[in-house]
S.K.: 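A single structure is presented below for examination.
What you see is a predicted model, and the numbers here were worked out from it, not measured in a lab. FYI, side chains are in, hydrogens and waters are out, and symmetry mates aren't considered; it's all heavy atoms of this structure.
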Amino acid sequence: MFYIAVGSNRKSIATKTKSGHFIITPDNGSLTHVATYMGLEEVREIDEQKNRLPYSSARKRSSARIIDVLDIRFGSLWTNIPYDLIRKANIQRGDKITVTITYQDQVYYHDTLPFVRSFADAPIHDPLIYINSLVNVGIALNQASFADTYHIGTGNDWKIDLIKE
């Protein structure tokens with residue numbers, strides 16, 4: 001299964017390709033290429049009111065958490081910080097969060113980022129904080145690789161600290 005999400009106000013659609021793959025995507029023309037090269041067997045609109053994961057729609061200062069996954073397709077950082085922690089800290093979409101990323105106590109990144117509902121809420125190439133498909137905090141550059149741009153890796157030595165402004 002492939003999943004492409006932007007969280008904008010576009011309709012969400014699901015399709016089954018002739019090769020048997022399922023693709024979930026916003027209705028933004030992204031299936032044109034798939035239709036041309038793979039063929040589409042079926043396309044349906046998703047009722048997001050009935051078919052949405054819980055919390056997909058922290059304290060004020062969290063203790064340092066780790067960057068445990070690197071989304072190698074897009075260069076986004078996936079943390080082990082659960083969305084529940086963000087909600088408990090009363091952090092809302094639109095809030096500004098200061099992000100500090102360290103490796104073995106050396107600062108590799110420090111900036112204030114917007115907490116957004118979707119990549120569509122941030123200008124292209126701007127950094128952002130979002131909730132990923134595992135319902136944890138993600139850090140990304142819109143349409144660019146955060147990991148490559150800032151030379152960030154993963155593992156227990158990579159720490160991330162979030163502070164609500």
S.K.: When W78 is tested against each of I139, V137, L134 for side chain to side chain contact (heavy atoms under 4.5 Å, CB included), which residue passes?
M.R.: L134
S.K.: Nearest 0.5 angstrom please: K159 NZ to I101 CD1, how far?
M.R.: 13.0 Å
S.K.: Return the minimal non-hydrogen interatomic distance between N90 and K164, and the atom names on each side.
M.R.: O-NZ, 2.9 Å
S.K.: List the atom of Q92, the atom of D95, and the distance in Å for their closest heavy-atom pair.
M.R.: N-OD2, 2.7 Å
S.K.: Give, for atom CG of L162 and atom OG1 of T112, the distance between the pair rounded to the nearest 0.5 Å.
M.R.: 11.0 Å
S.K.: Taking the side chain from N142 and the backbone from D126, do they hold a donor-acceptor pair closer than 3.5 Å?
M.R.: no
S.K.: So how far is it from D161 CG to I163 CD1, rounded to the nearest 0.5 Å?
M.R.: 5.0 Å
S.K.: Which pair of heavy atoms, one from P127 and one from P114, lies closest together, and at what distance?
M.R.: O-CD, 3.6 Å
S.K.: Which heavy-atom pair separates W158 from H151 by the least distance, and what is that distance?
M.R.: CH2-O, 3.4 Å
S.K.: Where is the tightest heavy-atom contact between F119 and L141, given as atom of each residue plus distance?
M.R.: CE2-O, 4.1 Å
S.K.: Which residue is it: I152, V99, I160? I am looking for the one with a side chain to side chain contact (heavy atoms under 4.5 Å, CB included) to L77.
M.R.: I152
S.K.: Mind checking the OG1-CD spacing from T17 to E41? Nearest 0.5 Å is all I need.
M.R.: 8.0 Å
S.K.: Walk me through whether F146 and T149 qualify under side chain to side chain contact (heavy atoms under 4.5 Å, CB included).
M.R.: CA-CA 5 Å; F146 191 97; T149 300; 5.9 Å; no
S.K.: Atom OH in Y130, atom CG in L113: separation rounded to 0.5 Å?
M.R.: 12.5 Å
S.K.: Has the side chain of T79 got a donor or acceptor atom that lies under 3.5 Å from a matching backbone atom of G138?
M.R.: no
S.K.: Can you measure from CG (L40) to OG1 (T15) and round to the nearest 0.5 angstrom?
M.R.: 4.0 Å
S.K.: Could you walk me through whether R93 and I131 satisfy the side chain to side chain contact (heavy atoms under 4.5 Å, CB included) test, starting with their C-alpha distance in whole Å, then the side-chain angles of each, then the deciding distance to 0.1 Å, before giving a yes or no?
M.R.: CA-CA 10 Å; R93 303 283 190 330; I131 301 302; 3.8 Å; yes
